[in-house]
Amino acid sequence: MIEKILVLEVVLPLLAAPVCVLVRHPRFCRLFSLGVVAACFAIAVALLVEVRGGGVISYQLGGWPPPLGIEYRVSTVNAYLLALVTSMALVVFSFDSRGGPPRVPEQRRHLYYAVFLLCISGLLGITITGDAFNIFVFLEISSLSSYILVSLGGHRRAVMSAFYYLVMGTIGGVFFMLGVGLLYQATGTLNLRDIAARLEPSLDDRGTVLALALLVVGISIKLAVFPLHHWLPNAYSFAPPKVSAFLAATATKVSFYLLAMVLFTIFGAPFVFEELRLQAVLLPLSILAMFLASSAAIFQTDLRRLLAYSSVAQIGYMTLGLSTANATGLAGGLVHLFNHAVMKGGLFLVVACLLYRVGSVHIDALAGIGRRMPLTSAALVIGGLSLIGVPGTVGFVSKWYLVSGVLERGWTAAAVLILLSSLLALVYVGKVVEVLYFRKPAETQPVDHVREAPLGMLAPAWVLAVAAVFFGLTTDWTYGVAREAAELLLAGGI
Amino acid sequence: MNLPQALSDLWAYWLLIALMMVGLYIVIARDNLIKKVMGLNIFQAAAILFYVTMAKVAGGTAPIVPHDPAHPGGHGGHEVVYSNPLPHVLMLTAIVVGVATTALALALAVRIHGDYGTSEEDEAVAYDAEHG
């Protein structure tokens, strides 16, 4: 029974998108897409409960058995990602943005929901499928729809950012496709488990090493690994606020899963981390991301850009967890996927509230807003504390396991650098909090008319703020699952 | 394998790598957005050619089972060598993805031209620097 529901996870949003296009009623489309996303979330939770403890659910599309047919396969790793994407999608969809994105007139808004659903469908497809070329197709579905979503931001630079994102994303996608082609050449199959079983990676085999290089670089572009992150700050700061919240919470997370899957399942940890020693590249890049992107965040004057640069730094933490290649560190990286999604999604929703009431999120425009919008500002403070990694928030949980993993590996210097980079987060979060609560508003920009954000906006932002504290205190469903997923990945399974 | 032999045996691969680099160079070096899209297209086409090249089997024909009236439903006794059809099928999908990407990129270029009054990246950047 459960394996029949599994395929609905991708099919539901995929079919809901054309329904939105046909019905054309904005209010219906909003509620309908919310319902579809809620159903996807319910399915993802059911799958996660089912596979916890080492279960696997497999579905053969069209009844063709793998490796010839396409297989959808869910283990703890995939189910964790599915639950992450759908829960974030549910929170973001329940956010009432009062009129949709600025560039979309009322009579076209149904198309906006259709594109959003396609994006979700693509992201879920990447996570669920067990076929390498299928991943490429879903990757492009989600990427193409996110270019559209980014371009809908109100500012003219949103379109330019979307174009730039498209160029980078397409190059990444083609690299991925070439990598898959080389793997097919080496093994004669496209089924992921079959590739993993047949592939005998060695440094003398140029084709395999090239495939690994293409896949890692291609995915790194989509993941925005430093220094391939240049598209991200622009895309996140000019996209409609709801889209920024969604993409920041999900898109890079799915790319991270893809990278982990390629490294651990297809090529295997012994080849990648002992023979090839990829950590010699990945570790320095992660640390550079943590420091340079956090430093860049300190100097931003736009809150959205500040958060976007902080995202690049946080991706550094995730790839740092990946490069430890031990269960604790990898689980720390994986748990940071969810934890970062909760905090950064919440922060971008707060930005949406501020944009709606204040009209700008330039740092100078926010002076004195802490008194006018106490609840919104408090949510921002909770998210900010979590970014720093204060105990009692999700950020602390991630950093605790990352530092433990790094120390297990004997990289004392890296552990010290993780803690030092948290100080940079303290500086950029502190800067925003200082402006919100302690700086007097400029006389040219009175804030007396600013009121608290409406409930439809505030509630989703607070759900994530509360989650940031809740999952900072109970870690069974976050770190517990991530640990299981990490052990599965290290053993070469998916 | 020495270089001349590599060049002659693997000429198709050299050709498509050259094509790919031409595409990538255009994307990086040209400021005109339409030319960037064209570069991206060439880049994608090279990747498609890579798949098609690897599907080729020496002496192979199209993967169609010949019909022999004497042996209905059989091969008529002779072996048929044909190219691997799977990469060709995959590339049909990749071509569709490429078309969708191009269409979207061109639509964005039209929007950019409407907002900035130019299709040149450097002029748009200068406009942003001036107007914020």
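Below, chains carry the letters A, B, ... as their sequence lines are ordered, and counting in each starts from 1. All values below come from the heavy atoms of this structure, side chains included, with hydrogens, waters and symmetry mates left out.
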Exercise. Just wondering, do A/F175 and A/I219 contact through their side chains at under 4.5 Å, heavy atoms?
Worked result: no

For this session: Sequence neighbours left out, what passes ring-ring contact (aromatic ring centres under 6.0 Å, His included) with A/Y236? Give chain and number order.
Result: none

Exercise. Is it the backbone or the side chain of A/L190 that comes under 4.5 Å from a heavy atom of chain B, or both, or neither?
Worked result: side chain

Problem set entry | Which portion of A/V167 sits near chain B, non-hydrogen atoms under 4.5 angstrom | both

Problem set entry | Residues that A/H229 engages under ring-ring contact (aromatic ring centres under 6.0 Å, His included), provided they are two or more places apart | A/F226

Seminar exercise, completed: Of the listed B/G23, B/P87, B/A124, the one with the largest count of heavy-atom pairs under 4.5 Å with chain A is B/P87

Problem set entry | Proximity breakdown for B/I48 and chain A, heavy-atom pairs closer than 4.5 Å | both

For this session: Could you tell me which portion of A/F163 (side chain, backbone, both or neither) has an atom closer than 4.5 angstrom to a non-hydrogen atom of chain B?
Result: both

Donor-acceptor pairs, chain A vs chain B, cutoff 3.5 Å:
residue: A/R103; atom: NH1; partner: B/D115; partner atom: OD2; Å: 3.3
residue: A/R103; atom: NH2; partner: B/D115; partner atom: OD2; Å: 3.4
residue: A/R156; atom: NH1; partner: B/D128; partner atom: OD1; Å: 2.2
residue: A/R156; atom: NH2; partner: B/G132; partner atom: O; Å: 3.1
residue: A/M177; atom: O; partner: B/Y51; partner atom: OH; Å: 2.7
residue: A/G181; atom: N; partner: B/Y51; partner atom: OH; Å: 3.0
residue: A/Y184; atom: OH; partner: B/N84; partner atom: ND2; Å: 2.8
residue: A/Q185; atom: NE2; partner: B/Y13; partner atom: OH; Å: 2.9

For this session: Name the region of B/L90, side chain, backbone, both or neither, that has any atom closer than 4.5 Å to a heavy atom of chain A.
Result: both

Seminar exercise, completed: Residues A/P240 and A/L152: closest non-hydrogen pair is CG-C, 3.7 Å

Problem set entry | Heavy-atom check, side chain of A/V180 versus side chain of A/L214, under 4.5 Å | no

Exercise. Between A/I141 and A/G122, which heavy-atom pair has the shortest distance, and what is it?
Worked result: CG2-CA, 4.1 Å

Exercise. Would you call A/V150 and A/F238 a side-chain contact if the rule is heavy atoms closer than 4.5 Å?
Worked result: no

Exercise. Which of the residues B/A100, B/G114, B/A47, B/G98 is involved in the greatest number of heavy-atom pairs with chain A at under 4.5 angstrom?
Worked result: B/A47

Exercise. Can you tell if the side chain of A/L118 reaches within under 4.5 Å of the side chain of A/P13, non-hydrogen atoms only?
Worked result: no

For this session: Return each pair, listed once, that meets salt bridge (Lys or Arg N to Asp or Glu O under 4.0 Å) where at least one residue sits in residues 37-46 of chain B; pairs must be two or more places apart or across chains.
Result: none

